[in-house]
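Only one structure is covered here, and it is reproduced in the block below.
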Number of protein chains: 2
Amino acid sequence: MTIYDVARAAGVAASTVSRTFSRPGRVHADTAERVRQAADSLGYRTTPQARAHATTRTGMIAVLVSDIGNPVYAEMVRGVQAAASAAGCTVLLADSQESDRQERAALERALPSVDGVVLAGSRMSDSAIRVIAKQKPLVVLGRAVGDVPSVVPDNGRGMREAVEHLAGLGHSSLGYVAGPAASWAEGTRWRSLLDTATELQLRVRRLGPSTPDVAGGMRAAEELGGHSISAVLAYNDQLAIGVLRGLRGRGVRVPEDVSVVGFDNIGAAELVTPGLTTVAAPLHAGGAAATRALLAMIDGAPGATGSPVVLPVRLVVRESTAQRSRKSTSPASGTTKVSPSAAQASTSTSAGSR
Amino acid sequence: MTIYDVARAAGVAASTVSRTFSRPGRVHADTAERVRQAADSLGYRTTPQARAHATTRTGMIAVLVSDIGNPVYAEMVRGVQAAASAAGCTVLLADSQESDRQERAALERALPSVDGVVLAGSRMSDSAIRVIAKQKPLVVLGRAVGDVPSVVPDNGRGMREAVEHLAGLGHSSLGYVAGPAASWAEGTRWRSLLDTATELQLRVRRLGPSTPDVAGGMRAAEELGGHSISAVLAYNDQLAIGVLRGLRGRGVRVPEDVSVVGFDNIGAAELVTPGLTTVAAPLHAGGAAATRALLAMIDGAPGATGSPVVLPVRLVVRESTAQRSRKSTSPASGTTKVSPSAAQASTSTSAGSR
DNA sequence: GCGGGTGCGGCAACGGATTGCCACGGATTG
DNA sequence: CAATCCGTGGCAATCCGTTGCCGCACCCGC
């Protein structure tokens, strides 16, 4: 089934058939109707390959995520899919499994057959990303890369609200369970935490960095024991849930003894007990926004390369945070041993010391 | 950059360049070397579009999953990606968000640009699937569809082992938390449970069906209260985890009062407390196997349309199952009210009544 | 020395849609 | 009434590899 078959059936030239589908309005309404009739009586469907070959547009965009299993990315991907299919565009999803090498390989494979790329939670270096961005329209999601259009949640504001919330509950000694050191989000969250803490005259102790999963959070909960801390903020919800679990394992009650705050508001955050107070980032909206920006670039828009698009966040208060108990700031648990390696990794930081 | 540019630079015809890349051995080694040199000094890369146009092979396969957020699918997808990239083939992933309509839409969009499809956890009807299978190579994953190549875990054996495990621990009154009624896996698991229970002379009560997530499991835990049941099997781990959580909320201890078994062995199964005893399906291997089968079909193999490929499973015993306590079979908890709707939905089944 | 076989490169015809340019007819305008 | 203009459809070139077929040259063996 080609346009030629349809053309013959409709009694027009092939070019007219082509224009009927790709250039609405260019052909007379009656002719168009006749063509369409012929087309679907023959069951004709335009071939993306041939079209791509002629237009050098594939109508596909790639989304690279570092871990499909992570609900945060799953939600972003949904946003991307929604925006893409609204624009009649197919998405090519690739998982890099947290590996730089795999990410490059996936990109290499996908790049030639797509019109543009959304990079979500990339593990590549800024400069590597810039190189790609020179070749194809590209938007970075969840990270700001200079000279490349980026869409990021307002991590600074989110962290500030979380800290203010804890301060309002009387907490003055905070712990922060850090995520991957190389992560851009980690940098912005930590900086904002530090700034806000300074401003409000709170003490803060940094733990980690940990692998940003539940197991990492449980390990971090171990470290916590030795310090007089009444509230913990974590880089993300997985870590926070790990902390919740780890603390319970050590007999520390949340939120009575220690308050815990996460980041991202993944689905599990409201299912755990106690429900996790966390900072909600508009993941779906972010994915959609990044995609719309990308599609605009593909259509020739300049690509806002200046400052990144910042998405609003909000603090979702659940049961894992409460008024600081006045009786004690340190956990009642007996064992407060800190493993040597953990002690070494943790960087004690007085907020006033900047 | 086209093969013509490369041809000129290497002093050969364009066809020779083409053959150098697509027909290794067809050109003389020295010539090939010269061509390759020219190619990468010019930075030439073959365009998938043009190739696809000429060969009517895109080198892409589509994977449709019903929910990217579900770790089970995430793992399958990884298996697919591994097998696909081993074969030099790109994966087009689409999420149907548990919706038949979206699944069709995604398929419609993806189908014309891929060489074949892996359908994982499809929500479509068997007949709809057969229709697609007539048009393009297709493999169904995690479900058996007559006349269509399928790859499924050995649900029957898995369930049997789980039940035997519980019987061995002295449990004789079982509960089953059902998944979606329309699910093929639900059917096979329930049937096997029934058969095994009959054989071992155990009583079994079916609860649900529930939405197969944690919340659904918690609701099922409510239902459980009214019955004298010492062990619960769930359709999947999410439900089982929900049951765990729900029972704890009602003051029932696991595994002291009630044993719980899940299905799938998702990552969270070993992180929850107590660790969940569950049936592990080789998700990654399944994805890879389905993909290899699909690629073989694309290469012209007949496509084993007879009985489905069955993957071995194994029971992973953790802390959520234990010897039946002799003092009591019913939970100590006070409130045993069952909501009317729940009572209505639950189908009491005596194993001997078949 | 000659016929046959084989290895290897070139020519040219595809594949299916898009699009610049032209032509034709009817409507508008001076 | 003639000069334009616009709307619309057709012609043909183009996008970039792939591949069937041909021919050349070289090697082998009889």
Side-chain angles (χ1 to χ4, degrees), chain A residues 1-40 42-60 88-90 111-115 298-300, chain B residues 1-40 42-60 88-90 111-115 298-300:
Chain A
M1 282 304 104
T2 74
I3 47 172
Y4 296 92
D5 299 317
V6 178
R8 200 171 326 113
V12 295
S15 52
T16 304
V17 177
S18 171
R19 281 195 272 257
T20 302
F21 295 115
S22 58
R23 210 52 49 108
R26 176 68 171 72
V27 306
H28 191 91
D30 298 352
T31 317
E33 188 48 35
R34 201 146 40 90
V35 170
R36 258 187 289 273
Q37 297 260 318
D40 50 52
L42 268 66
Y44 166 80
R45 312 243 27 175
T46 171
T47 354
Q49 277 71 352
R51 179 206 291 282
H53 188 209
T55 58
T56 63
R57 285 279 185 84
T58 62
M60 296 199 291
C89 173
T90 312
L111 212 50
S113 29
V114 298
D115 298 334
I298 292 171
D299 283 342
Chain B
M1 279 307 103
T2 75
I3 47 173
Y4 296 92
D5 299 317
V6 178
R8 199 168 332 112
V12 295
S15 51
T16 304
V17 178
S18 172
R19 281 195 273 256
T20 303
F21 296 115
S22 57
R23 255 330 106 93
R26 177 65 171 74
V27 304
H28 191 90
D30 298 353
T31 316
E33 187 50 35
R34 202 146 40 90
V35 170
R36 258 188 288 274
Q37 296 260 318
D40 50 52
L42 267 65
Y44 166 80
R45 313 241 28 174
T46 171
T47 342
Q49 277 72 353
R51 178 207 291 280
H53 187 211
T55 57
T56 64
R57 286 278 186 85
T58 62
M60 295 199 291
C89 173
T90 311
L111 211 51
S113 25
V114 299
D115 298 333
I298 292 171
D299 284 343

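Reminder, nothing fancy here: chain letters follow the sequence lines and each chain counts from 1.
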For this session: Using atom types as modelled and distance alone, determine if a side-chain donor or acceptor of B:T2 lies under 3.5 Å from a backbone N or O of B:Y4.
Result: yes
For this session: Please examine the side chains of B:V12 and B:V35, heavy atoms only from C-beta on, and report whether any two atoms are closer than 4.5 Å.
Result: yes
Exercise. Nearest-Å distance, OH (A:Y4) to C1' (C:dG15)?
Worked result: 10 Å
For this session: Quick one: label A:T46 by what it contacts on the DNA or RNA (base, sugar-phosphate, nothing), any heavy atom closer than 4.0 Å.
Result: sugar-phosphate
Problem set entry | Residues within residues 14-34 of chain B bordering DNA chain D, heavy-atom distance below 4.0 Å | B:S15, B:S18, B:R19, B:S22, B:R23, B:R26
Problem set entry | Atom pair distance, as rounded to whole Å: CG in B:D5 and P in D:dC15 | 11 Å
Exercise. With a 4.5 Å limit on heavy-atom distance, are the side chains of A:Y44 and A:I3 in contact?
Worked result: yes
For this session: Provide, to the nearest angstrom, the distance between the CD1 atom belonging to B:I3 and the C1' atom belonging to C:dC14.
Result: 13 Å
Problem set entry | Non-hydrogen side-chain atoms of A:E33 and A:R36 separated by less than 4.5 Å | yes
For this session: Among C:dG10, C:dA17, D:dG17, find the nucleotide with the atom closest to the side chain of A:A54.
Result: C:dA17
Exercise. What is the minimum heavy-atom distance between A:V17 and A:V6, and which atoms define it?
Worked result: CG1-CG1, 3.9 Å
Exercise. What base-paired stems does DNA chain D take part in, with at least 3 consecutive Watson-Crick or G-U wobble pairs and both distances under 3.5 Å?
Worked result: C:1-30 with D:1-30
Problem set entry | Distance-minimising heavy-atom pair for B:A38 and B:A9 | CB-CB, 4.0 Å
Problem set entry | Nucleotide nearest A:H53 when distance is taken to its side chain, options D:dT18, C:dG15, D:dG17 | C:dG15
Exercise. A:M1 has an atom CE; how far is it from atom C1' of C:dA17, in whole Å?
Worked result: 15 Å
Exercise. Does any non-hydrogen side-chain atom of A:R57 lie less than 4.5 Å from one of A:I298?
Worked result: yes
Exercise. So, do B:M60 and B:P48 sit near enough that their side-chain heavy atoms are less than 4.5 Å apart?
Worked result: no
